[in-house]
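Computation of the quantities below employed the complete heavy-atom set of this structure, encompassing side-chain atoms and omitting hydrogens, waters and symmetry-equivalent molecules. Letters A, B, ... mirror the listed sequences (proteins, then strands); counts begin at 1.
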There are 2 protein chains.
Amino acid sequence: MHSTAEENYIKAIYKLSGGGAHGVSTNALADALDTKPASVSDMLRKLSAKDLVHYVKYRGVQLTDDGRRVALRIIRKHRLWEVFLVQKLNFAWDEVHEVAEQMEHVKSELLVNRLDTFLNHPRVDPHGDPIPTENGEIPQVEQKALSALEVEQTGIVCRVKDSQPAFLQYLNRVGIQIGSHLQVLDKIAYDNSLEININRNKTVILSSDVLSKIFVIKP
Amino acid sequence: MHSTAEENYIKAIYKLSGGGAHGVSTNALADALDTKPASVSDMLRKLSAKDLVHYVKYRGVQLTDDGRRVALRIIRKHRLWEVFLVQKLNFAWDEVHEVAEQMEHVKSELLVNRLDTFLNHPRVDPHGDPIPTENGEIPQVEQKALSALEVEQTGIVCRVKDSQPAFLQYLNRVGIQIGSHLQVLDKIAYDNSLEININRNKTVILSSDVLSKIFVIKP
DNA sequence: ATAAAAGTTTAGGTTTGTCTAAATTTTGTT
DNA sequence: AACAAAATTTAGACAAACCTAAACTTTTAT
């Protein structure tokens, strides 16, 4: 079995590599995990010895197939617990991440699968992130970053790619949630921010940083 | 905040002291926690420094009020999660202990209280052990060990004081669960075992060891 | 092409929680 | 009361996961 620390490294590598698409640097990991680069080097040597990552000194790290399997299992647990917290315990979407970070390390196959059944095999978590299946598949939905919409176009919010409370609370304040109907009214060329109408009601201006974290499907 | 190891020591001290009734020896703790007495001595020094226990070298250890508060919070979490696993995820009573051992260390006040509400403020866990309230009170129910029943007397099983799968599976096999109606048919003086009729149906002989772990209320 | 800057690793420590072996204290027996 | 046995603590190590400081690679900019 893997320690909590190991699991957190593997999860971080998975996320930073975009699901295994590219290698990840020591500094990026140190940053994501809030540790020092020296500690990351140590751990990478260890994970490499366990064949969970492919690691070449000074050249970054990638998950092996084994590592990716571990990552997906942890992410599956994390997202299922988030669904549980929101749907069953009435947590708000900005309150779940920290708790799920702890629950994702509970070890029990039976538990995960029973939880999945109890929740009716949800496909996405409260932020719209897809939940890996038991076999490690990730159902993909066609979606577009809000920053890619043109003036006049509309979309339904299906995902927000940042689970930090501060960001989610900002969206609460603005009035955006999963399912919100958005229309681009205007583009401000100066900084690529967009003027967005929410649910044919309120209108706001969103920075390109925020726009890149919100994903929509066609209405 | 306390580490998982600290929490496990505190829980073990609580249990071995019978809820704080008497002191606990180093060896007893080592035994319960499956560590060496030397490790226990170390940890007791540490817990004592944090004022969670009252510890006199060579003379055993007791929880302070602070320690008892911590113990009760952990036990509350443990038992609530057990209820969740059985009632919501269809775990059997012999499958919950190990998983709850992990879940009890998840830190979130909000989580515990929401869980309690979700489960409808249960008073006992699946083994009949009472669930401490948010204020650290333990609802006491008048109950008797099965070993204390006389011939002819009857009782309803309300609690089994051993959560080890092997014991619970033995009860499954025999056909005893919470709520079972028991009647003492005969006492075997030789070893204090009792002949017990279960649900006015099957009859079995239970050893005094088993009898002392089963508790009943008046029918 | 090379030197400075940036990124990464190694060396040597720290803390937590464990261990074994040795020393100490308490208990129990005669 | 004294001594052997049992229980407990201390001393000294170790692994995991982290740290700082120094050394080493790679990248970038001139």
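Note on residues 7-20 of chain A: pairs passing salt bridge (charged side-chain N to carboxylate O under 4.0 Å, His left out), not counting sequence neighbours, are A/E7-A/K107, A/K11-A/E101, A/K11-A/E104. Residue pairs satisfying the salt bridge (charged side-chain N to carboxylate O under 4.0 Å, His left out) criterion with at least one member in residues 62-74 of chain B, sequence neighbours excluded, are listed as follows: B/D65-B/R68, B/D66-B/R69.
Rounded to an integer number of Å, the gap from A/Y58 OH to C/dA6 P is 17 Å. Between the CG atom of B/L44 and the P atom of D/dT8 there is a distance of 10 Å, given to the nearest Å. For the pair A/R45 CZ and C/dT10 P, the computed distance is 7 Å after rounding to whole Å. For A/E6 and D/dA15, the CD to C1' distance is 12 Å, given to the nearest whole Å. When rounded to the nearest whole Å, the span between CG of A/N8 and C1' of D/dC18 equals 14 Å. Remark: P of C/dT9 and CG of A/L47 are 13 Å apart, rounded to the nearest angstrom. Distance NZ (A/K50) to C1' (D/dA16): 10 Å, rounded to an integer number of Å. At whole-Å resolution of the value, NZ in B/K57 and P in D/dT9 are 8 Å apart.
Applying the 4.0 Å criterion to OP1 and OP2 of D/dT9, one finds that B/R59 has every side-chain N and O outside that range. Between B/Y55 and D/dT9 there is a side-chain N or O to OP1 or OP2 distance below 4.0 Å. The phosphate of D/dC18 (OP1 or OP2) has a side-chain N or O of A/Y9 nearer than 4.0 angstrom. Close to D/dT9, at under 4.0 Å from its OP1 or OP2, lies a side-chain N or O of B/T26.
For residues 29-42 of chain A, proximity to DNA chain D is found at A/T35, A/K36, A/A38, A/S39, A/D42, defined as any non-hydrogen atom under 4.0 angstrom from a strand atom. Within residues 66-74 of chain B, no residue has a heavy atom under 4.0 Å from DNA chain D.
At least one test fails for A/K88 against the ring of B/F84: distance under 6.0 Å to the centre or angle within 45° of the axis.
In this view, A/E134 satisfies the salt bridge (charged side-chain N to carboxylate O under 4.0 Å, His left out) rule with no residue, not counting sequence neighbours. Taking A/H78 as the reference, A/H97 meet the ring-ring contact (aromatic ring centres under 6.0 Å, His included) condition, with sequence neighbours excluded. Considering only residues two or more places apart in sequence or on other chains, B/D42 meets the salt bridge (charged side-chain N to carboxylate O under 4.0 Å, His left out) condition with B/R45. Evaluation of the side chain to side chain donor-acceptor pair (under 3.5 Å) rule for B/N172 yields B/W93 as partners, not counting sequence neighbours. In this structure, B/H105 has no ring-ring contact (aromatic ring centres under 6.0 Å, His included) partners at least two apart in sequence or on a different chain. With sequence neighbours left out, A/E95 forms a salt bridge (charged side-chain N to carboxylate O under 4.0 Å, His left out) with no residue at all.
Evaluated for a side-chain hydrogen bond (donor to acceptor under 3.5 Å, both in side chains) with B/E82, the options B/H127, B/Q87, B/K77 yield exactly one hit, B/H127.
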Name the pairs: protein N/O against N/O of nucleotides 3-6 of chain D, kept only if under 3.5 Å.
none

Please output the side-chain donor-acceptor pairs of residues 135-146 of chain B that fall under 3.5 Å, not counting sequence neighbours, one pair per line with the distance.
residue: B/Q143; atom: OE1; partner: B/R159; partner atom: NH1; Å: 3.0

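Using the six-membered ring where Trp is involved, A/W81 and B/W81 have ring planes that are perpendicular, over 60° apart on the 30 and 60° scheme.
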